[in-house]
Amino acid sequence: IDLDTNIDLGWADLRVFLAYADFSIGRTDEADFSSLPAGFSGQFDDVEAFSQDIQLTSSGDRKFDWLLGFYALQEEKEGLFVFDRFFEIDDATNRPTATPATAFFADFIALANVDTDSIGIYGQAEYEVTDRLNITGGVRYTRDEKDFSRVTNGIFSDPVSFVDPSD
């Protein structure tokens, strides 16, 4: 959802752009991209974000033009990543032999949370010296804060190779 509006103040133009997003996304795949029942991975994210950009710009045809702006972003993201090798292997050949009948468990699970707060204040000015020469300058201040937490749980079993060791 977004809102973009422009207001003519006579001496300047005011633009306000607001945006809000709230979505979930997930993906899963067969982890080794083969036809073998070798593994599963998945990532599932929930995101909520709100941003605003407010700009004040000079109006009219002038030799001196300027722009002042303020930007802010607040975003919360929670993600779950799972990787599981759900197969049994032949100890002699180190090849997958069957999907086990045991209950589902994962080799690796990670749950992460990221909270982002960002603000920016910026400005730009341009002076027309001649028809063919302009001088432009600008400044920007940005402050970003991120809070990150992650919990992981892993069994970390021995790596599996699908290459026959006798080859």
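Only heavy atoms go into these numbers, but all of them, side chains included; no hydrogens, no water, no symmetry mates.
Here the shortest heavy-atom pairing between G26 and F44 reads CA-CD2, 3.8 Å. Closest approach of L73 to S51, counting heavy atoms only: CD1-CB, 4.0 Å.
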Yes or no on side-chain contact (heavy atoms from CB on, under 4.5 Å) for E78 and E76, after CA distance, side-chain angles and deciding distance? CA-CA 7 Å; E78 183 176 282; E76 295 178 8; over 6 Å; no
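Clustering ILVMFWY residues whenever any of their side-chain heavy atoms sit less than 4.5 angstrom apart, transitively, puts I7 in the very cluster that holds L68. By the rule that hydrophobic residues join a cluster once side-chain heavy atoms approach within less than 4.5 Å of another member, L56 and I54 end up as members of one cluster. A single hydrophobic cluster is not seen to contain both V139 and L67; linkage of ILVMFWY side chains at heavy-atom distances under 4.5 Å, directly or through other members, places them apart. Residues Y141 and F70 do not share a hydrophobic cluster, clusters being chains of Ile/Leu/Val/Met/Phe/Trp/Tyr side chains in contact below 4.5 Å. When hydrophobic clusters are built by joining Ile, Leu, Val, Met, Phe, Trp and Tyr residues whose side-chain heavy atoms come closer than 4.5 Å, directly or via intermediates, I135 is grouped together with W66.
The 12-atom threshold is exceeded at CZ of R62, counting heavy atoms of other residues, nucleotides or ligands nearer than 6.0 Å. When the shell of 6.0 Å around NZ of K146 is examined, it contains 12 or fewer heavy atoms from other residues, nucleotides or ligands.
Side chains of K77 and D45 form a contact here, defined as non-hydrogen atoms less than 4.5 Å apart. Side-chain contact between L80 and V82 is present, with heavy atoms from C-beta onward closer than 4.5 Å. In this structure, Q74 and T116 have side chains that are not in contact, with every pair of non-hydrogen atoms separated by 4.5 Å or more.
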Donor-acceptor list for residues 8-24 side chains, cut-off 3.5 Å, not counting sequence neighbours:
residue : atom : partner : partner atom : Å
D8      : OD1  : G10     : N            : 2.8
R15     : NE   : D4      : OD1          : 3.0
R15     : NH2  : D4      : OD2          : 3.0
Y20     : OH   : D22     : OD2          : 3.4
Y20     : OH   : E48     : OE2          : 2.6
S24     : OG   : D46     : OD1          : 2.3

Using residues 117-133 as the side-chain source, report each donor-acceptor pair under 3.5 Å to any protein atom, sequence neighbours left out, with the distance given to one decimal.
residue : atom : partner : partner atom : Å
S118    : OG   : D144    : OD1          : 2.3
Y122    : OH   : D53     : OD1          : 2.7
Y122    : OH   : Q55     : NE2          : 3.1
E126    : OE2  : T136    : OG1          : 3.0
T130    : OG1  : R132    : N            : 3.2
T130    : OG1  : L133    : N            : 3.1

